[in-house]
**Q** 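Just dropping this structure here.
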Amino acid sequence: MIPKIEYFSPVNLTELLKLLDRHQQAAKIIAGGTDIIAGFHQGSARFKGIKYLIDLNWIDELKKVELSSDGIVIGSAASFSEILKNELINHHFPLLSTAASRVGSVQIRNRATIGGNFVNNAPCADSVPALLVYDAEIRIRSVEAERAVSLADFLLKPYQTQLRSDEVVTQIRLPFLSENYLGDFYKLGRRRGVAISRITLAVLMKLVESKIDDIRIASGAVTPIGKRFVSLEQFARGKTVSDHLYRELARMLGNEILDATGLRWSSAYKLPVVQQTFYQQLQHIYQTGNLR
Amino acid sequence: MKKTFNLVGKPVIRQDGYSKVTGKARFADDINYPDQLFGVMVRLPIAHARIKKIDFSEIENHPSVITICTAGDISGSNISGIIKQDQPVFCDQKIVTPGDVVAMLVGEDEELLRQLAGKVKYEIEPLPALTDPRKALDSDAVLIHPESKSNLIVHYPLRKGDIERGFSQSDHIVEQTYTTQLIEHGYIEPETVIAIPLAADRSVKIIGSIQNPFTARRIVAQALDLPLTRVRVEQAELGGSFGGKDDTMDILSARAAVAALKTGRPVKIRYRREESVLESYKRHPYILHYKVGFSREGKIKAMKIDILADGGAYASMSPFVTWRSVAQATGPYEVENVCTDVRAVYTNNPYTGAMRGFGSPQPIFAQESIMDEIANQLGKTPDEIRWINCLHSGSITATGQKLEKHDVNLIKVLDTAVQKTNFSRQWQACKDKNKSILPFIQKTHASQADKSLLLESEDLVAPDLLLRKGIGLALSYRGCSLGAEGIDAAAAYLSVQPDGSLYLVSGLAENGQGMRTTFSIIAAETLGLSVEDIHYLELDTGIVPDSGPTVASRSTLMGGGAVKIAAEIVRDRLQKFLCDFWKLNKQDVLCFEKNKVFSESDPQKTLRFSEVCQLAYRKGVCLAAIGWYPGPKVDWDESVGQGAAYFTYVYGCQVAEVTVNLGTGEVYVDRVVAVHDPGKVINLLGAQGQVYGGVTQGAGYGLWEEISSADGFIRELNFDQIFIPTSKDVGEIVPVFVEGDDQHGPWGAKSLGEPTLELTAAAIANAVRNAVGVRFFNLPLNLEEIVLKRKLKPGGLKRGSAV
């Protein structure tokens, strides 16, 4: 059930930061509310003891999507519907658009925000693998300071991040990629719509004369939190693409996930399936030449 | 009988459609009284225990708790049950499943009461939880209801012919076991009821999301020890039921009524989704063992069927659900020698009762799977094997009933479906193409429980090999209405006003099936009016006779029959009046068409319907009538399961086309062609809607939906885990109607609601078999079932996101 709470709707960042500074742990930021409200109803321990909810939706600058000199800057409170509609994102970072299109339903996408997706840091957060392969950097503000941190470092454990109680994530920065990246985002849910992901995989790959110049691989829902597979990427770099290599990478990914996750009730299903789908994905990228 | 129709069979937009899609419809929770209180349930977190003491001391003096209702407040019978009396309104002796309620807190602040409910203290003696129905009849099994002396709720034997002789005459015998899962109805509106005390004479009015207002009235009257007339039940606009708003709503009505009379104020109970899923009854999981003997030509000689149904904690509708199973378990085939035993047993699992389909989707899944296996074994196509065995006019069913006096359209629906889909050729082509079973699937299917399997590089499959197409069909016959379950009759009340508009209401309930529109069409057709002339009233037990429950796809057949009779009574009176008025012969036939009445022999004699009504009203003609439609007699010998189980039948065949992704286990339903003989279609749009909904719901049953439990506690309490299909999950659905003549029902209109659902899972399972080359025996055919051939479940109950 929803506890008795005091609700604030600051209209600018300064006001927001003051509120956070004043209320610290007693306050929780609410953006789309698609995790918090459901969490209240479930009696989730993560949302116990909240006295104040501070709504980001009235702060325009947190909703903007803009070009910068070296990439794009996405306001943390941009909804997935806004991301989906945004031509800049669609053009430069199509895997993020695809990931956004697979979030919940139209109603959920209208409310849920990109910042909320990774601040909540559920293992199944749909946008995280896409953001990770784009090397997303996030900006965090408090009354005192602003800091920048890579998303990969920001995410600590399931439902835990580096974010302190006086801080807010203001921006997600995605640096432009050089040309010639191929890529794909894959999500498996139990249904085609309104589904929590069972497996997500994002892959970016740049080939130079059939050799892998760069490859970035990230997953969600099969690992405790969304994660990049750095050693697998290192193994692949410089190698000539071939069916044999793809098979090898898919085989190795299974081992990496098993190492990262350990055995779960779902492993018997997820491990062979993630291997199979990753292999499919690499083949698919290679065959269709999907740009980014 | 009419040759042409003005309205019947045409598409008519449902009367409640606009108000529902615009949010104007008033559901039970939209109805509020200024001084109303809320009732909040107290449950104990255990599946099976003897209650020693419930201690309210910590909360009973809390200013927000106006009263606490328990078994002690029930002046009549605390034990309810529609068939077998075993379910307490408030538990005071035992807890037999975690949904059980020991008390209800009543007060103004619902949220606060929910918090206080957790502070009730209790002393209990825990008992072992019986959760495996296969152990329910063991001699050392704990008894769920000790007064019943056994955990057996019901056992129906059916004996026809000589089963041993049948097997000895068979060239081949197949023997297989199938299982089906527990599922939730998934109605969009959770349970809500409000009870209003009528102080003058200690009576109570109930408004609620109630599927069967007359049953609710009976249960409430019994609990309050009041005559039926002192309990008046009105149905609010209802947001889905699918068979699910019966027992639970009856008991909730009783709890609300008890509290309303105790406090003298209106009391509302409204469930949240989790509470709804926790307490409400579900569809029975079945374990079905089939042994079928057949000749090398494909003729079935003998069927031995053993079915075990998990009834859960209470009997509820188990005796009727399983009775339909025993009558229909062979499927629509001529089988000379049949030996069927169906048993339902008590466990500490969530209790199971009525759900759309009602004991037919489970045996259809098993029987239609086996039919395909027989076809495969003999090198025949699925339609061929059905052709050889299926029922036709004059056939004798498994219960010894001769099919006669109606169009037995089984072959016709089969042929239509087969032609529309080019079935045999497609099936054979997929079979040939999908002959090889991928080595990695063999590996994952053979993998051991509790062990994980990593694939080797040679197990990885090229993308174009992972997607497999398949096609499958399923065939059924279904007894219409209640059959030998019980008394079968329905009423309709029709009252024409002096201006020619009219009120209509029947004793059956609008549960979303579009009944009001169907009945309005029937009345309008009979009186030559348009549907807009008819104002359909809210169902209220105070104004119309008890017509039995709105179940068993019986509304159009029984209630529609009653509407037609009521309209005919009024029409006959008007005809008689006009013959006098126009000084015509008594034999003269008057036509009621296009809001006019005219004489066939003398077209000069024409009046508008409204003018006729005005004249008749002034002359004192009674323009109101009650139509009463009693079902014909059926007979049944329970000791051997023989008799004319139902007075008529409907027939259906569905063909499913699927794409299976072997890499992930996803099954996509590309297309379902659903061919049904519902008798006569009254509202084409309504009939198509039934097919779209039923097929989608049936696909959910086949592929995704499952309620699982750990020690009797349900894991999936909300729609983040209960996977009912969305519009994205099912492809094209093609409804095809093959109409058949019948002496029963309005113009021969019979049943459609349940047939549309009961076939789909079986058709999909057969299509998956055609695609993968492997038979799957356990519903649902979800991701894990396809990839691993087993189900995976988390150990505990905790949801990841709730950390």
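In what follows, every chain begins at residue 1, and chains take the letters A, B, ... in the order their sequences are listed. Values reported hereafter were calculated over all heavy atoms of this structure, with side chains retained and with hydrogens, waters and symmetry mates removed.
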**Q** What part of A/Gln275 gets within 4.5 angstrom of chain B, counting heavy atoms only: side chain, backbone, both, or neither?
**A**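 When you check distances to chain B, atoms from both the backbone and side chain of A/Gln275 fall under 4.5 Å.
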**Q** Determine whether more than 12 heavy atoms belonging to other residues, nucleotides or ligands lie under 6.0 Å from atom NZ of B/Lys20.
**A** yes
**Q** Between B/Glu666 and chain A, which part of the residue has a heavy atom less than 4.5 Å away: side chain, backbone, both or neither?
**A** side chain
**Q** Does A/His41 form a side-chain contact (heavy atoms from CB on, under 4.5 Å) with B/Arg272? I'd like the steps, not just the answer.
**A** CA-CA 10 Å; A/His41 284 298; B/Arg272 297 187 306 176; 4.2 Å; yes
**Q** Looking only at heavy atoms, what is the nearest atom pair of A/Ala250 and B/Leu460, with distance?
**A**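 Looks like CB-CD1, 3.7 Å.
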**Q** If you count heavy-atom pairs under 4.5 Å between each of A/Asn255, A/Ile257, A/Thr277 and chain B, which one has the most?
**A** A/Asn255
**Q** Can you say whether B/Thr664 sits under 4.5 Å from chain A via the side chain, the backbone, both, or neither, judging by heavy atoms?
**A** both
**Q** When rounded to the nearest 0.5 angstrom, what distance separates CD in A/Gln287 from CG in B/Asp464?
**A**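 The distance works out to 8.0 Å.
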**Q** Could you work out, with ring-ring contact (aromatic ring centres under 6.0 Å, His included) as the rule, every residue matching A/His244, not counting sequence neighbours?
**A** none
**Q** Which answer fits B/Asp459, side chain, backbone, both or neither, if we ask what part of it has an atom under 4.5 Å from a heavy atom of chain A?
**A** backbone
**Q** Using non-hydrogen atoms only, which part of B/Lys793 is less than 4.5 Å away from chain A: side chain, backbone, both, or neither?
**A** backbone
**Q** With a 4.5 angstrom heavy-atom cut-off, is it the side chain or the backbone of B/Leu662 that approaches chain A, or both, or neither?
**A**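 When you check distances to chain A, no heavy atom of B/Leu662 falls under 4.5 Å.
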**Q** Does A/Arg191 reach the main-chain N or O of B/Phe723 with its side chain, forming a donor-acceptor pair under 3.5 Å?
**A**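 Between the backbone of B/Phe723 and the side chain of A/Arg191 there is no qualifying donor-acceptor contact (under 3.5 Å).
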**Q** Kindly compute the distance separating CZ (A/Arg192) from OG1 (B/Thr726), expressed to the nearest 0.5 Å.
**A**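 A/Arg192 CZ to B/Thr726 OG1: 9.5 Å, rounded to 0.5 Å.
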**Q** Does B/Val461 form a side-chain contact (heavy atoms from CB on, under 4.5 Å) with A/Gln276? I'd like the steps, not just the answer.
**A** CA-CA 7 Å; B/Val461 178; A/Gln276 200 68 261; 3.8 Å; yes
**Q** Once rounded to the nearest 0.5 Å, what's the spacing between atom CZ of A/Arg264 and atom CG of B/Leu792?
**A** 14.0 Å
**Q** Under 4.5 Å heavy-atom distance to chain B, tell me which part of A/Leu258 shows up: side chain, backbone, both or neither.
**A** side chain
**Q** Just checking A/Lys28: does its NZ atom have more than 12 heavy atoms from other residues, nucleotides or ligands closer to it than 6.0 angstrom?
**A** no
**Q** Shorter than 4.5 Å, heavy atoms on both sides: which option in B/Ser727, B/Gly665, B/Ser447, B/Gly663 has the most such pairs with chain A?
**A** B/Gly663
**Q** Side chain of A/Arg190, backbone of B/Leu783: donor and acceptor closer than 3.5 Å?
**A**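 No, the answer is negative, given that no donor and acceptor are paired below the 3.5 Å cut-off.
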**Q** Would you please go through residues 104-118 of chain B and name the residues with a non-hydrogen atom below 4.5 Å from one of chain A, in numerical order?
**A**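 Contacts with chain A: B/Glu111, B/Arg114, B/Gln115.
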**Q** Would you mind checking which part of B/Phe440 comes under 4.5 Å of any heavy atom in chain A, side chain (CB onward), backbone (N, CA, C, O), both or neither?
**A** side chain
**Q** Find the distance between CZ (A/Arg247) and CD (B/Glu458) and round it off to the nearest 0.5 Å.
**A**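 Here the interatomic distance stands at 8.5 Å.
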**Q** With only heavy atoms counted, which part of A/Tyr269 is less than 4.5 Å from chain B, the side chain, the backbone, both or neither?
**A**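 Contact with chain B is through both the backbone and side chain of A/Tyr269.
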**Q** Taking atom CG of B/Leu467 as the centre, report whether more than 12 heavy atoms of other residues, nucleotides or ligands fall under 6.0 Å from it.
**A** yes
**Q** At a heavy-atom separation under 4.5 Å, does B/Ile724 approach chain A through its side chain, its backbone, both, or neither?
**A**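 Contact with chain A: backbone and side chain both.
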**Q** If you count the non-hydrogen atoms of other residues, nucleotides and ligands that lie under 6.0 Å from NZ in B/Lys443, is the total more than 12?
**A**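 Counting neighbours around NZ of B/Lys443, more than 12 heavy atoms of other residues, nucleotides or ligands fall under 6.0 Å, so yes.
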